[in-house]
Protein chains: 2
Amino acid sequence: MDETLTQGAQPGPAPQKGTVTQRAIEQIKALIAGGRLEPGQRLPTERDLAAQLGISRSSMREAIRALTVLGVLEARHGSGIYVTQLEAGDLLETFGVVADLSRGPRLVELLEVRRILESTATALAAARITPAQLAEVEKHLAAMNATDDPEEILAHDLAFHREIAAAAGNDTMAAILEGLSSRTFRARVWRGYQEEGAFARTRREHAAIHRALVAHDPEAARAAAAAHVGEVEQWLRAQLDR
Amino acid sequence: MDETLTQGAQPGPAPQKGTVTQRAIEQIKALIAGGRLEPGQRLPTERDLAAQLGISRSSMREAIRALTVLGVLEARHGSGIYVTQLEAGDLLETFGVVADLSRGPRLVELLEVRRILESTATALAAARITPAQLAEVEKHLAAMNATDDPEEILAHDLAFHREIAAAAGNDTMAAILEGLSSRTFRARVWRGYQEEGAFARTRREHAAIHRALVAHDPEAARAAAAAHVGEVEQWLRAQLDR
DNA sequence: TCAGCGGAGTGGTCGGACCACTATGGCTCC
DNA sequence: GGAGCCATAGTGGTCCGACCACTCCGCTGA
């Protein structure tokens, strides 16, 4: 593997725009976008990459670390650096950070986005869900209703909606919803919401969503999901007004 | 500013989970999520932070760089490191990376997500848009129809939809749509689409969206926007089938 | 034949040095 | 006395070299 990834680049002085690390990030991204680096492929070593781009290993490591947290690259200790599969889950994992660091009015906005996507995903799921997928949904629905432990309820609640999103058949949408429902995000909002005795209402809403799925009724599913998220949204709005 | 941010942390041996850099990232994120670091606030120097967490400056720099590309921190050369305002635009800038690195079927999924959000945003805009905002939209619409330069058309096309998204009143949604419409993403898809003489159709669709905005008719706006994005979506689907 | 064991190669961490830039304060000059 | 310049301390940016921890693979010996 002597092939240099940067062959053909202008040999003149570097463009001098931004930091060298930022430049390295852009160059690696360009290599992937341009198809010279395929998903799953192994990159040259940090030392070689740094030499090829004419920067120090330290700067190259910062670039690699940045692309790692973005879900573009994956570093395996002792083995090498690899391009991820670039699937929705890999790249949208950082979406959870947004949810975790948002507060106040932005939480309402996030819930509004979730309401829109979740209702559509649930409608799609109603049309496409298979018996096996439906059984999985029902498993979490039953488990949710069989316990009083808030932690367990939250876990099955998450899984309930995750299965539905998966049944919608759009991995990208499912990955975004996963981020919008990240554990810490929901734990923060759910805690206060459920403390006000919303368990019964939540169960009713989940049951309504389930009925719509069984009936393969997209419009009913859309309405039920929108109402479900909307309830939390309105509660949070009221909290912020105080 | 002698106050240490890490006071109160367990003094025992480090948790030993993951790399030290990853740990540093989580700790800084926790400081922000916990409210000990406010938006806009300045952090201690890299050297001090590294000393407080007991790691080297190199590792701390990687952590800071990672949080910088995520839009959580901002480093100003010669001045210091600051927490961003943590607004939707800051945190969702990375969404463009997803769009730029996605190919094949995932592009269709992204367009589907955009169709859902864009149609809702346009509907909201129809209900809420102000005369001033409407004038801005019309400016880009006129500019788009007054030129034949594809680059200029694309720029005003982006601005057209950006203004509408802004008028919807949900910054988070607007930021996501901005990522889904990032310049390189649209340039890749638009190029082929417009080459097939879709200019006339695009103009008709934009006109329909504009009419709905003027009439403050959310449902018409939703339908027009969904059809607009849907056209591209269907074209891309057909391309992939070949 | 294969289990065990090395060594080479790789990412992970560290410490130090120096450069580039910013901000602050005092100083000069008007 | 005030405005503008400028030296300087402090900060992030970059580079280097060393060593550690881990993985992988080929060699060795039973």
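All values reported here derive from a predicted model rather than from experimental measurement. Chain letters run A, B, ... following the sequence lines, proteins first and then strands; every chain starts at 1.
- By the 6.0 Å contact criterion, CD on Glu93(B) is open, its count of non-hydrogen atoms from other residues, nucleotides or ligands being 12 or less.
- In this structure, the CD1 atom of Ile55(A) is 16 Å from the C1' atom of dC19(C), given to the nearest Å.
- A distance-only check finds no donor-acceptor pair linking the side chain of Glu62(A) to the backbone of Arg65(B) [under 3.5 Å].
- In summary, the side chains of His161(A) and Glu118(A) do present a donor paired with an acceptor at a separation below 3.5 Å, with no hydrogens or angles considered.
- The side-chain heavy atoms of Gln85(B) and Asp90(B), taken from C-beta on, include a pair separated by under 4.5 Å.
- Side chains of Gln133(B) and Thr130(B): a donor-acceptor N/O pair is present below 3.5 angstrom, by distance only.
- Rounded to whole Å, the distance from CD on Glu46(A) to P on dC16(D) is 15 Å.
- Contact of the Leu37(B) side chain with the Lys29(B) side chain is not registered, since no non-hydrogen atoms from C-beta on lie closer than 4.5 Å.
- Set against dC15(D), dG13(D), dG11(C), the side chain of Arg57(B) has dG13(D) as its closest nucleotide.
- Rounded to an integer number of Å, the gap from CZ of Arg42(B) to P of dA23(C) is 10 Å.
- Between the CG atom of Leu49(A) and the P atom of dG9(C) there is a distance of 18 Å, given to the nearest Å.
- Of the residues in residues 70-82 of chain B, those lying under 4.0 Å from DNA chain D by heavy-atom distance are Ala75(B), Arg76(B), His77(B), Gly78(B), Ser79(B), Gly80(B), Ile81(B).
- For a distance-only test at 3.5 Å, the side chain of Ser58(B) qualifies as a donor-acceptor partner of the base of dG15(C).
- Distances shorter than 4.0 Å separate some side-chain N or O of Thr21(B) from OP1 or OP2 on dT13(C).
- Going from atom CZ of Arg47(A) over to atom C1' of dT10(C) covers 7 Å, rounded to whole Å.
- Expressed to the nearest 0.5 Å, how far CH2 of Trp190(B) lies from CG of Asp157(B) amounts to 6.0 Å.
- Map Val20(B) and Asp48(A) each onto its nearest nucleotide of DNA chain C; the residue landing nearer the 5' end is Asp48(A).
- Residues of residues 60-69 of chain B that place a heavy atom closer than 4.0 Å to DNA chain D, in numerical order, are Arg61(B), Arg65(B).
- Atom CG of Leu43(B) and atom P of dG12(D) are 9 Å apart (whole Å).
- Ion pairing between a basic and an acidic side chain is recognised when a charged N comes within 4.0 Å of a carboxylate O; Arg183(A) and Glu151(A) show such pairing.
- No side-chain N or O of Arg191(B) forms a donor-acceptor pair with one of Gln194(B) less than 3.5 Å apart.
- In this structure, Ser59(B) reaches the dC14(C) phosphate: one of its side-chain N or O atoms is under 4.0 Å from OP1 or OP2.
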